[in-house]
Amino acid sequence: MESAKKKNDDNGDDAGVERGRVGLLYDERMCKHHTPDGEDHPENPERIRAIWRKLQSAGITQRCVVLNGKAAEDEHIASVHAHNYIKMIRNLSTKEVDPRRNKIASKFNSIYLNGGSSEAAYLAAGSVIEVSEKVAKGELSSAVAIVRPPGHHAESNEAMGFCIFNNVAVAASYILDEKLELGIHKILIVDWDVHHGNGTQKMFWKDSRVLFFSVHRFDFGTFYPTGDDGSYTMVGEGQGAGYNINVPWEHGQCGDADYLAVWDHILIPVAKEFNPDMIIISGGFDAAVGDPLGGCRITPYGYSVMMKKLLEFAEGKIVLALEGGYNLDSIANSVLACVKVLLEDKPLSGALEAYPFESTWRVIRAVRKELCTYWPILSNELPKEALAINKKVFSFELISSSDSDAENDEAFKAPSESKNDSIGNLVEKFQNVIRPLSLIPFEESAQVKAIGSSVSWRAVFAKTDIWYACFGSNMWMPRFLCYIQGGQVEGMQKPFPGSIDKRLPKDIMWKIMPHRLFFGRSHTCTWGEGGVAFLHPESSIDDKTYMCLYRITLEQFNDLIVQENVLVQENVQHDSMITPFFDSTSLDSAVTNKSIVLEAIKEGWYSNVVHLGTEGALHILTMTCSLSDVESFKSGEHPLRAPSKGYMNTLVRGLVQGKQLSEDEAISYINGACTKPL
Ligand code: X5A
Ligand code: ZN
C-alpha cells in the first residue's frame, strides 16, 4: 500500500488523480455461487476475492472508480440466450438444498448450481453490461469486471464449462443493439482464456459487427471443450465470414513469446484493419503460468504487453471481463498487471528471451493463410526476423525503469516467489518462468525419475556449447528444430520427440567446408523412398559443402545423435539415456583423430562424429557415416541414391532461406552432389 502512495510522478500527476478513469467492478454477492455441498472446485468464490484483495493491497482500488455489481435484465440477456433457458436460470431455487436443481445442473457439461447461482449469473452478466456501457459512453476510459460465474462457454440455451450466461456476449449485444446512440458499431472480442470461447463464437457467427478472436489450447480437438469448433478453419459465415478468428495451440506450454507472436502477426494487424470502436476482453487467466487447468505459461508481464498492445485501439475503450483462471496467485498477479497497464503505469522493464515454438509459427501460418482472403494484410510473408533465431522477435519497447515501485512489484513475480527480490533477480527468475522447459523435465513421470542418475551428465553438458554443423535437411531450421523442440514439418513422415533441453540454438551461421557431400540409402523413416545426405568423413580440398551451424549444448548434441540414428523407434528413448553417447572422452578423441565412431550406436547411419575445427573457442561437430560405410557405398553394397522429392525440397529450402543460394543454384548444387561418383 505504501508503494502505491509514493508512486513516482514524472508527469506531475498526483496519486489518486489518474489521467483516465479506470473502472473496477467487484461484488461479493457473486461469491454466493459455489458448489452445493461445499466440495472443492477450481471455479470457486476465492478466485474473485483473491483478485480483489490483491488490488486493494497494491493500492490500486483507490486509484480506480470502484463499482458494485448490477443484475442484468432478462430482455438484455435475451439477445443471445433463449427465453426458456433464461426462465430456467431465473427460476432456479434459492434454497440451500434442492435435488431438482442438482438434476438440472447434471444435464449440463461441467456445471454446478446452488442457491446463489441464479443471482450470481445475473450479476455477472449485468456487471459486464454496466461497465461496457460506461466505457462506451466515455464515463470510464476503460474497466475491469471481476465477475463469476464466467461466460464464454455458455451457449444460447445451455450452461457449460462453469459458465451460465455469456456475460461478454450479452454486453456486446446490448451495446450494439440497444445503444446505437453511443456510436459503438464494431466490437472486437479478444478471448485469451486458455479454452476456446465456443459460446461467443456461435453467438456472433454470422455477425460482422463483432470480430471474435480466440487463442486457446486445442491439442487437435482434444482439449476442452473438444471437437472442431476451435479450429482455425472456423472463420464465420454469411456476413460474418472472416470475423471469427481462432488460434488453436497444438499443445500446452505456450507462453509470452507465443502469445506475443500471435499478437504481432495476427491480432494486431487485423485489429488495425477492423478498427474497432470498442474492445471487450474475455479475460480468462487460465493460460497463466501456474494454472492447474491450462498448462500454459503466460507471465503477468506477458499479459501486460498483450493488454498494452490492445490499448492502442478504440481510443483505449477496453473492458476486461474475467472468465477462467484457477491459480489464485496467478490470477491476482495477472489482473493486477493488466489494471496497471490501464492506469498507464510505466511498464516493468523486462525482456523476452524466449522464442515461440516451431508449432506456434505453424499455427500462425495456418491462421494467416485461412484468413488472408478476408484480411489481405495477412497474405504477406511473415517478416524474416520472425524466423531469425538470433534476434528478438518483438518490437515492444521496454522501458528500463528506475522506478523504485517496480522493484517491489508483486504483480510481476511468478506465483511462488517471495518478496524482496531485486529487479535483477526478477528478470532472471522470469527467464526461468518463460522457458522452464529448458531446465526442468516437464513431467515428474516415472521415466524421468528413473533417469535420476543421468541428471548429472545432463547438468554438466548443458553448460558446454558446441557448433553442430549440418549439411542435409537440418539446414532448414524448422526441420532442425524438430530435433530440439520436437514435432514434424512438411515432407517428414514421422514426428521427433525433440531434446530434453528444448532451448533454441543460441546462434546460427553458415560455412562452406572442403568436404564431399553425397546421397545414399534407398529409404528412410523420416523421408520415405530416396537417399539421404552423408559427408565423406575424410575431407577433400576440391569439394565444397554448404554447412549450416547451430550453436547448441553438448547435452542437446547427444539427444540429436540419438534421434539422427533412429534409435527412437527402436525404443532407445533418449530421455532414458543414462550415460551420454558422446562424452568428453569422445570429444577428445574426435579432436585428436578428426572423427570418432561411437561404438554404442555403430549400427546407426550417422554414428561417426567428425570434428570440423573450431569457431571462436567452440568445437564444430557434425555427424555422418563411418569410413567403412563409405567403402560399402563405393562397392555398391549400400546404394547411392538421389534424394526423394520431399527431402530435396527441404534441402533447397534450407539453402534458399539460409540465403546461401538461389533456388536454381540450390537444385544444381544438390544434383551435382548426387551425380558425382564417390
Ligand atoms: C471458463 C473456463 C473451463 C471449463 C473446464 C471444464 N471453463 N473441464 O475456464
Ligand atoms: Zn478457461
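Both counts, for ligands and for their atoms, begin at 1 and track the order of listing. Note that these values count all heavy atoms, side chains included, but never hydrogens, waters or copies made by symmetry.
- Geometric assessment of K186 against the ring of F274 yields a positive cation-pi assignment under the 6.0 Å and 45° thresholds.
- Near G161, meaning under 4.0 Å from any of its heavy atoms, are these atoms of ligand 1: 1 (C), 2 (C), 3 (C), 4 (C), 7 (N).
- Looking at W375 and Y243, their side chains never bring a donor and an acceptor atom within 3.5 Å of each other.
- In terms of polar-atom proximity, H195 is counted as a contact of ligand 1, with an N or O under 3.5 Å from an N or O of the ligand.
- Between R297 and D256 no salt bridge is recorded (no basic side-chain N to carboxylate O distance below 4.0 Å).
- Which parts of ligand 1 touch D286 is read off a 4.0 Å heavy-atom cut-off, strictly below it: atoms 9 (O).
- At least one cation-pi condition fails for R209 and F204: the charged atom is not both under 6.0 angstrom from the six-membered ring centre and inside a 45 degree cone around its axis.
- The shortest N or O to N or O distance between G325 and ligand 1 is not under 3.5 Å.
- Side chain of N114 to backbone of K32: a donor-acceptor contact under 3.5 angstrom is found.
- The shortest heavy-atom distance from M160 to ligand 1 is not under 4.0 Å.
- E237 and N244 are not linked by any side-chain donor-acceptor pair at a separation below 3.5 angstrom, with hydrogens and angles left out of the test.
- Closest to atom 6 (C) of ligand 1, if we only count protein heavy atoms, is S110 OG, 3.5 Å.
- Shown in contact with H152 at under 4.0 Å from a heavy atom are these atoms of ligand 1, numbered in order with element: 1 (C).
- Every ring-ring contact (aromatic ring centres under 6.0 Å, His included) that Y326 has, sequence neighbours left out, goes to F162.
- Among all non-hydrogen protein atoms, the one lying nearest atom 1 (C) of ligand 1 is Y326 OH, 3.4 Å.
- Judged purely by distance below 3.5 Å, without hydrogens or angles, the side chains of H196 and N198 never pair a donor atom with an acceptor atom.
- Evaluation of the side chain to side chain donor-acceptor pair (under 3.5 Å) rule for R47 yields E43 as partners, not counting sequence neighbours.
- For ligand 1 and P150, the ligand atoms under 4.0 Å from any heavy atom of the residue are 1 (C).
- With waters left out, the protein N, O or S atoms under 2.8 Å from the Zn ion (ligand 2) add up to 4.
- Set against the non-hydrogen atoms of Y224, the atoms of ligand 1 under 4.0 Å away are 4 (C), 5 (C), 6 (C), 8 (N).
- Under 4.0 Å from ligand 1, not a single heavy atom of V194 appears.
- Annotation: ring-ring contact (aromatic ring centres under 6.0 Å, His included) contacts of Y174 (sequence neighbours excluded): H76.
- Every N/O-N/O distance between E323 and ligand 1 stays at or above 3.5 Å.
- The pair E250-R217 fails the salt-bridge criterion, with no side-chain N (NZ, NE, NH1 or NH2) lying under 4.0 Å from an Asp/Glu carboxylate O.
- Side-chain atoms of E323 do not come within 3.5 Å of backbone N or O of D191 as any donor-acceptor pair.
- In summary, the atoms of ligand 1 found under 4.0 Å from a heavy atom of D193, numbered by their order in the structure, are 9 (O).
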